[in-house]
Amino acid sequence: MTDLSASDAAGLPARRAALDLLTAALNRRSGFDEAAATPAFRNLEPRDRGFARALVLATLRHLGPIDRALDGRISREPPEVVRNILRLGAAQAFVLGTPAFAAVGTSVDLVAELKDGRAFKGVVNAILRSLTREPPDMTDPELLAPPWLFSRWSAAFGEPAARAMATLIAAEPATDLSLKAPSPDLAVALEAEELPGGTLRSALRGEISTWPGFADGVWWVQDASAAVPARLLAVKAGETVLDLCAAPGGKTLQLAATGASVVALDRSAARLVRVAENLARMGLTAETATDDAGSWPDTRSFDAVLLDAPCSATGTYRRNPDVLWAAKPGDVAALAGVQSRLLDSAARRVKPGGRLVYCVCSLEPEEGEAQTAGFLARNPDFALAPMTPGEGGAPEASLRPDGTLRILPHHLTGGTDGFFIARYARRP
């Protein structure tokens with residue numbers, strides 16, 4: 001998070017960085033994070049780095065309305081990089097509140113730096129000036145979400161729910177924190193409200209490493225919905241627990257804090273480094289292992305297994321709006337096959353009488369509800385272990401008739417990540 005009042009002071013270096021971030025975010029999944037990790041970006045002045053991130057996130061959160069407004073003024077489609085400059089200029093003027101002359105002028109300067117960019121200076125100037133004279137509506141929910149996703153959400157959950165979900169795309173979320181142990185005084189220090197389940201939702205802004213309790217290993221950042229699956233395992237001290245696809249590690253920290261013996265498995269060694277760093281900061285311990293969750297050769301079985309499976313991540317759009325625009329319809333079917341394979345692998349690692357929680361931060365039924373039906377058909381020694389209303393801190397509106405959870409972003413005031421969660425028990 002950044003102070004958006006810095007927008008007037010940030011210059012072309014920040015806007016060049018924003019152009020690189022936006023281009024990467026729209027061209028490939030994880031492109032935003034990859035571009036933000038490059039030395040070119042990290043070596044920017046902190047003010048420029050913060051402004052670039054804020055500008056790109058504002059653009060992505062309003063990309064639908066911005067593109068609709070641009071489409072009405074573009075007679076001949078320019079190169080992608082020029083459209084991205086127009087998008088950034090519009091976001092500055094209509095989302096960040098940059099003065100119109102600065103939003104237009106810096107966009108013209110940015111396009112002039114491109115090879116053959118001078119030919120587009122007049123186009124960029126004319127289009128953005130036209131927009132500033134007739135500001136577009138940036139709030140239409142049906143424009144905030146990509147059309148194919150809005151249609152899917154309407155079909156799955158009804159149009160009113162789809163509109164409520166899409167409205168949240170434009171809002172910058174607060175920061176949710178999970179605590180290692182209850183701390184009544186911390187909510188005041190963090191200007192936070194306590195949510196069901198114990199999550200703290202902080203109103204603070206700025207660099208989180210400076211917030212009260214961070215250096216002491218008292219809390220970690222974790223969305224309220226993301227904290228629910230580990231709670232639903234109801235792990236006790238001394239039990240053995242396997243956290244599959246564990247990185248970045250929020251659920252591992254929750255499980256380790258119970259006193260259980262935890263193994264955190266992830267296929268990415270680099271991401272497991274972050275898990276280990278977070279464990280060390282929190283003063284917690286867990287075994288880490290690098291391997292594919294579907295083919296890990298370890299023969300141990302566990303009292304409880306948590307599988308947070310790879311997914312389209314469409315439920316995380318409040319913090320990661322790039323997922324909406326990088327996702328493609330074909331991704332859902334491809335990922336559903338991966339999820340089925342990993343679920344069957346997870347089941348083999350559950351002791352008789354043990355329990356398994358499956359979750360995805362996806363809003364797509366093929367990655368959630370459909371997985372439960374297929375899993376139970378393939379694994380007759382498992383049965384659903386239904387959740388009860390409000391269990392684990394989940395919104396009561398999220399409980400489905402079969403006892404699984406479909407958490408929609410608007411189910412919690414202020415928003416929350418979208419999740420599907422199912423809990424299974426293995427017969428003794």
Side-chain angles (χ1 to χ4, degrees), residues 1-27 32 35-36 40-41 44-140 143-144 169-172 205 321-322 324-325:
M1 297 181 183
T2 189
D3 180 0
L4 298 185
S5 65
S7 62
D8 294 351
L12 281 179
R15 289 165 171 84
R16 289 189 206 105
L19 180 59
D20 290 342
L21 285 178
L22 180 61
T23 301
L26 294 176
N27 282 346
F32 181 94
F41 183 79
L44 286 172
E45 291 293 324
R47 181 195 66 190
D48 286 344
R49 192 165 60 243
F51 173 71
R53 288 182 63 93
L55 173 54
V56 174
L57 290 173
T59 304
L60 292 168
R61 288 185 175 120
H62 300 83
L63 190 64
I66 287 172
D67 273 355
R68 171 66 67 88
L70 291 176
D71 288 343
R73 290 165 172 80
I74 293 175
S75 57
R76 181 177 179 182
E77 184 63 28
E80 178 191 29
V81 66
V82 176
R83 178 175 274 266
N84 285 343
I85 289 172
L86 289 166
R87 288 163 165 163
L88 293 171
Q92 289 177 75
F94 305 119
V95 184
L96 299 190
T98 302
F101 74 88
V104 175
T106 53
S107 298
V108 171
D109 291 343
L110 192 57
V111 80
E113 293 187 335
L114 301 176
K115 182 182 179 180
D116 301 325
R118 290 186 177 276
F120 293 97
K121 286 178 61 177
V123 172
V124 169
N125 182 69
I127 290 174
L128 290 180
R129 285 190 179 278
S130 173
L131 284 179
T132 61
R133 288 193 294 269
E134 298 180 58
D137 178 8
M138 305 293 279
T139 63
D140 185 345
L143 294 180
L144 288 168
I169 294 171
E172 181 180 3
R205 294 289 187 266
D322 53 307
L324 297 175
W325 304 99

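Here, residue 1 is the first one in the sequence, and each next residue gets the next number. Below, each value reflects all heavy atoms present in this structure, side chains not excepted, and no hydrogens, waters or symmetry copies.
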Distance from [X] atom [atom1] to [Y] atom [atom2], nearest 0.5 Å?
X: Glu80; Y: Leu26; atom1: CD; atom2: CG; result: 7.0 Å
X: Leu19; Y: Leu110; atom1: CG; atom2: CG; result: 5.5 Å
X: Thr23; Y: Asn84; atom1: OG1; atom2: CG; result: 4.0 Å
X: Asp109; Y: Ile85; atom1: CG; atom2: CD1; result: 10.5 Å
X: Phe51; Y: Leu96; atom1: CZ; atom2: CG; result: 6.0 Å
X: Ser107; Y: Ile127; atom1: OG; atom2: CD1; result: 11.0 Å

*Can you tell if the side chain of Leu63 reaches within under 4.5 Å of the side chain of Leu324, non-hydrogen atoms only?*
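They are not in contact (no side-chain heavy atoms under 4.5 Å apart), so the answer is no.
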
*So, do Pro65 and Asp137 sit near enough that their side-chain heavy atoms are less than 4.5 Å apart?*
no

Nearest heavy-atom pair of [X] and [Y]: which atoms, and what distance?
X: Pro78; Y: Phe120; value: CB-CE2, 4.1 Å
X: Ala58; Y: His62; value: O-ND1, 2.9 Å
X: Ala103; Y: Gly89; value: CB-O, 3.7 Å
X: Leu44; Y: Ala17; value: CD1-CB, 3.4 Å

_Pairs meeting criterion side-chain hydrogen bond (donor to acceptor under 3.5 Å, both in side chains) with involvement of residues 116-128, two or more places apart_ =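 The answer is Asn125-Arg129.
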
*Give the intermediate values and the outcome of side chain to side chain contact (heavy atoms under 4.5 Å, CB included) for residues Ile66 and Met138.*
CA-CA 7 Å; Ile66 287 172; Met138 305 293 279; 3.5 Å; yes

*asked:* Test side chain to side chain donor-acceptor pair (under 3.5 Å) on Arg73 and Ser130; report intermediate values, then the result.
replied: CA-CA 8 Å; Arg73 290 165 172 80; Ser130 173; 2.9 Å; yes

*For Arg83 and Asp71, run side chain to side chain contact (heavy atoms under 4.5 Å, CB included): C-alpha distance rounded to whole Å, both residues' side-chain angles, the deciding distance at 0.1 Å, then the answer.*
CA-CA 10 Å; Arg83 178 175 274 266; Asp71 288 343; 2.7 Å; yes

*Thinking salt bridges, do Asp48 and Arg16 make one under a 4.0 Å N-O criterion?*
no

*Just wondering, more than 12 heavy atoms not from Glu113 lying within 6.0 Å of its CD?*
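Enclosed: over 12 neighbouring heavy atoms sit under 6.0 Å from CD of Glu113.
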
*asked:* Does Phe94 form a side chain to side chain contact (heavy atoms under 4.5 Å, CB included) with Thr132? I'd like the steps, not just the answer.
replied: CA-CA 8 Å; Phe94 305 119; Thr132 61; 4.3 Å; yes

*Distance-only, no hydrogens or angles: does the Arg53 side chain make a donor-acceptor pair with backbone N or O of Arg49 under 3.5 Å?*
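No; zero donor-acceptor contacts below 3.5 Å.
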
*asked:* So does Leu60 get a backbone contact from the side chain of Trp325, meaning a donor-acceptor N/O pair under 3.5 Å?
replied: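 Yes, because the side chain of Trp325 sits within donor-acceptor range (under 3.5 Å) of the backbone of Leu60.
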
_Arg15 versus Thr106, side-chain donor and acceptor atoms under 3.5 Å_ =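 Judged by distance alone, the side chains do pair up.
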
*Please name the residue in the list Val104, Leu128, Leu55 that meets the side-chain contact (heavy atoms from CB on, under 4.5 Å) test with Gln92.*
Leu55

*Could you walk me through whether Leu131 and Leu86 pass the side chain to side chain contact (heavy atoms under 4.5 Å, CB included) test, one step at a time?*
CA-CA 10 Å; Leu131 284 179; Leu86 289 166; over 6 Å; no

